[in-house]
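Here the structure is laid out as structure tokens; the discussion comes afterwards.
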Amino acid sequence: MSSGTLLYDALGPRAGRRVRWFGVVTGAVTLGVLFLVGEKLATEGQLSADKWGPLIDPANPRFSTLWSFLAGGMLNTLIVAVLAIVCAMAFGTAMALLRVTSQPWYRWFVVSVIELLRGIPVVLLIFFLARVLPEIGIEFSTLTFLVMGLALYNGVVIAEIIRGGLQALPRGQKEAAQSLGLSSWHTLRLVLLPQAFRMMLPALIGQLIVVVKETSLGFILSYEELLRRGQIAIQSLHNPLQMFFTIAVIYIVINLGLTLLTRRLERGARKKAPGTPADDKTPAAPLPSPAALPEVRV
Amino acid sequence: MTLFSKGAERTVDTFPAPRGDGETATEQAAALIQLRGVNKHFGPLHVLKDIDLDVAEGEVVVVIGPSGSGKSTLCRAINRLETVDSGTIELGGVPLAVEGKSLASHRADVGMVFQSFNLFAHMTVLENVTLGPIRVRKVPPAKARAQAMELLERVGVGQQAPKLPAQLSGGQQQRVAIARSLAMQPRVLLFDEPTSALDPEMVNEVLDVMTDLAQEGMTMVVVTHEMGFARKAADRVVFMADGAIVEQASPAEFFDNPRTSRAQDFLSKVLSH
Amino acid sequence: MDVILDNFDLFWQGWLRTIQICFFALLGAVPLGILLAAARVSPVPSLRTLAGGWVTVLMSCPLTVVLFFMAFGLPEIGIKGSYFWFGTIGLALYSASFVCEALRSGINAVPTGQAEAARSIGLSFMPSLGLVILPQALRSSLPPLTNAIIYLIKNSAIVGAFGVGHDLFAVADTLTAARGLAALPVLAGVIAGYLLLVLPIGRLLSLIETKVAILR
């Protein structure tokens, strides 16, 4: 309801003029930079039909071959992402339950496993699985190694998200369930977990964005996801700048779609967050923006 | 001893009156706060409708009305925490500045006590009270601390000086907030529903401090739902509904013989228990 | 254990190289993140849009794509450099968005009432920013900032995987692939190297955090 914001007062005429002036300068500088970049690209021959044709011109003879090749890569990317997020959810839920129900004498072990898996760079984890498991006679496809690595790493992140959700639930939920005579397992499964999931849904989708991005690590195993296929295509098309630009756009479009979905869910979750009456003056605490928090604290 | 020193007692070397030079006797006799034709919209909502209001030096004006009537907005507009679309707001005959240093010095002269206290969470109680005097009034720190301690003692929270706001009860925090405003030696104090966020048992400790202030002659504009305080401490009650001032009168007159049906309706609802 | 001791020199060099990458990337990411955050909360709409777009794009794009674009795309327009610098700058650009969002979430965590109270006692823009808002915002930023820094350190392994050479990840690759050593002990050593960076930094920052936490 305030005219000002946290950082600055409602703008007076003098401040308003200054803001407009800054706006004009920003716009001019941006246009200037874009112009210079465009000119540089043109003089280096990077805007030629030769380089862009296969990517954007349907009349180009290579257009359909290239795009069906890239579409296959996209499909592989989505397969890895979906498998990884499903496995990660299962593993993460199991780890979260293990952690919240653990007895003190082995809790340290569960916590250590979670902390260890979270401390390792995910690329190293994938690499580790692909190099170490064959050594002890366990051979899988690159797809499996990739999914395993992503699922383990993102699983523990999800475990912490779910644990956070469980802790954030009002005490009354548990007490009410127990006073109905539900066992502690039923309390967890029927009352607490579903609410924790719903509350954490935006964060979980946010994690899906992270997984989509991390599928591109498949290149170290030469798994043919989108990025790897782009690389392969470059070898015959010789257009790395254009190709990587296009691939970046594809990832950005996919992830922006997911981000928009997260925002919508976040708004929904805020409306019916448990324990907060609808007419409460203070809005429910904003859920952590999934994009801003790639993982929970180490 | 009084809780505050009035403008006249303000020693020039400590607190240079910000615009003492231009003031003439006739201007001082006029209203300290003067609102003329003030309008404000929030989108399609007309929250302040042609508000005219005068508050004389030393007067205590209590603004009451149903929620959503625009009384908080009115209070905040006097400090320009809310901008207005049209109309004029003057303090001591000087129009309210709209930005920059002159707005800051206007706000230094107008104390504000919020519903949610808004004590600076990272500072101790003492630091909260001394921040303004040291940074804005340029009072030497030692002197500012001594004055702050004196104020904290008077509002009954001297013991809490080294604590952080979160360690205090709501009532204590609000009393600190009053002390913080008083430390600036304001010409007028605005209260925006100061007791609405308090547990019932803490309301009186805050109202007592406010009543003392009122009796000592502080100029006050108080937005509140505390009818008892309005009856006891107000010089004038202003009743607002739907963004307009519907009725204003002395407390006795207003509570015993409300003239408008809106006011009668409102009073029957809040006084029925 | 022998594998690690025999090749301790290589591990040590790799560790130092990883620290180098992280140090230079942080050196770029933190100031850039501060600039982006300042732009995102500024009253200038075009500046907000620009910084918001930058952050959204870099957060939606995999680091690998950023790195490939830098290392294989930029030389096409005549910008040449070593993989080390392409990798480190790419990591810095990528991580700056996370630093920006960490700072912004800290700023957003400060209740508006704090600023209103600061204005009400007559503090003008700079003092209320410096004395009331930023001290609180920075403290609330610390946990997400810690995450951003740890994320950067872990991402430095991607920079290594993509071929900067001679960092911890490269050590793992060299020893297991080229020299044919057993993968388990080598990778255990490399993982220990990363944990040695990540865990103390996490602990240190959470220690600072509990010291400066604001009660509300």
Side-chain angles (χ1 to χ4, degrees), chain A residues 2 4-9 11 15 19 22-23 26-27 30 40-41 44 46 115-116 119-124 127-128 131-132 135-136 209 212-217 219-220 227 230-231 234 240-241 244-245 247-248 251-256 259 286 288-289 291-298, chain C residues 41-47 50 56-57 59-66 68-69 72-74 76-78 98 101-102 104-105 107-108 110 112 114-116 119 125 129 133 143-144 146-147 150-151 154-158 161 169 172-173 176 182-184 187 190-191 194-195 198-199 202 206:
Chain A
S2 162
T5 66
L6 171 69
L7 293 176
Y8 39 87
D9 241 314
L11 299 177
V19 162
F22 261 110
T26 312
T30 312
K40 180 80 179 162
L41 287 174
E44 297 283 342
Q46 294 297 326
E115 297 281 304
L116 178 74
I120 303 175
V122 60
V123 64
L124 197 64
F127 189 74
F128 183 94
R131 284 278 161 91
V132 172
E135 230 171 49
I136 54 172
I209 296 177
V212 169
K213 292 201 292 181
E214 285 172 351
T215 55
S216 65
L217 294 175
F219 84 94
I220 60 161
L227 179 61
Q231 258 182 303
I234 288 170
L241 202 66
F244 288 129
F245 179 82
I247 288 176
Y251 276 111
I252 290 165
V253 167
I254 294 175
N255 286 331
L256 275 187
T259 308
S289 160
L293 306 167
E295 57 223 61
V296 196
R297 310 192 28 71
V298 171
Chain C
V41 298
S42 78
V44 184
S46 57
L47 216 52
L50 207 64
T56 314
V57 162
M59 278 186 147
S60 313
C61 194
L63 174 59
T64 35
V65 175
V66 176
F68 276 101
F69 189 85
F72 302 115
L74 292 188
E76 293 284 308
I77 52 168
F98 292 93
E101 288 306 274
R104 205 168 64 103
S105 77
I107 290 171
N108 286 338
V110 181
T112 315
Q114 295 284 314
E116 290 183 348
R119 284 174 208 146
F125 178 69
L129 198 66
I133 299 167
T146 311
N147 277 341
I150 286 173
Y151 196 53
K154 293 197 287 186
N155 275 335
S156 75
I158 298 181
F169 188 91
D173 197 26
T176 55
L184 189 58
L187 284 165
V190 170
I191 287 172
Y194 280 105
L195 291 181
V198 170
L199 293 183
S206 67

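Side chains included, hydrogens not; waters and symmetry mates left out as well; all remaining heavy atoms used. Since the model is a prediction, treat every value here as computed from it, not as a measurement.
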Of the backbone (N, CA, C, O) and the side chain (C-beta and beyond), which part of [X] lies under 4.5 Å from a heavy atom of chain A, both, or neither?
X	result
Leu47(C)	both
Ile133(C)	side chain
Ser42(C)	backbone
Leu129(C)	side chain

Checklist entry - Considering only heavy atoms, which portion of Ile252(A) lies under 4.5 Å from any heavy atom of chain C: side chain, backbone, both, or neither? => result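 Looking at Ile252(A), backbone and side chain both touch chain C.
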
Checklist entry - Checking heavy atoms, do the side chain of Ile220(A), its backbone, both or neither come under 4.5 Å from chain C? => result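 Side chain of Ile220(A) only, per the 4.5 Å heavy-atom cut-off to chain C.
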
For chain A, the option from [options] that forms the most heavy-atom pairs under 4.5 Å:
options	result
Thr56(C), Asn155(C), Val57(C)	Val57(C)
Asn108(C), Leu74(C), Ile107(C)	Ile107(C)
Thr64(C), Val190(C), Val65(C)	Thr64(C)

From [X] atom [atom1] to [Y] atom [atom2], the distance as rounded to the nearest 0.5 Å:
X	Y	atom1	atom2	answer
Leu124(A)	Tyr194(C)	CG	OH	6.5 Å
Glu214(A)	Ile209(A)	CD	CD1	12.0 Å
Thr215(A)	Ile254(A)	OG1	CD1	8.0 Å

Next on the checklist: Counting heavy-atom pairs closer than 4.5 Å to chain C, which one of Phe22(A), Phe245(A), Phe219(A) comes out on top?
Outcome noted: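 Heavy-atom pairs under 4.5 Å are most numerous for Phe219(A).
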
Next on the checklist: I'd like to know which of Pro121(A), Ser216(A), Gly23(A), Ala15(A) tops the heavy-atom pair count under 4.5 Å against chain C.
Outcome noted: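 Maximum pair count with chain C is reached by Pro121(A).
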
Checklist entry - How close do Gly202(C) and Thr146(C) get, heavy atom to heavy atom, and via which atoms? => result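 So the two residues come closest at CA-CG2, 4.3 Å.
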
[X] vs [Y] side-chain heavy atoms within contact, under 4.5 Å:
X	Y	answer
Leu241(A)	Phe69(C)	yes
Pro240(A)	Glu76(C)	yes
Tyr251(A)	Val212(A)	yes
Val19(A)	Pro45(C)	yes

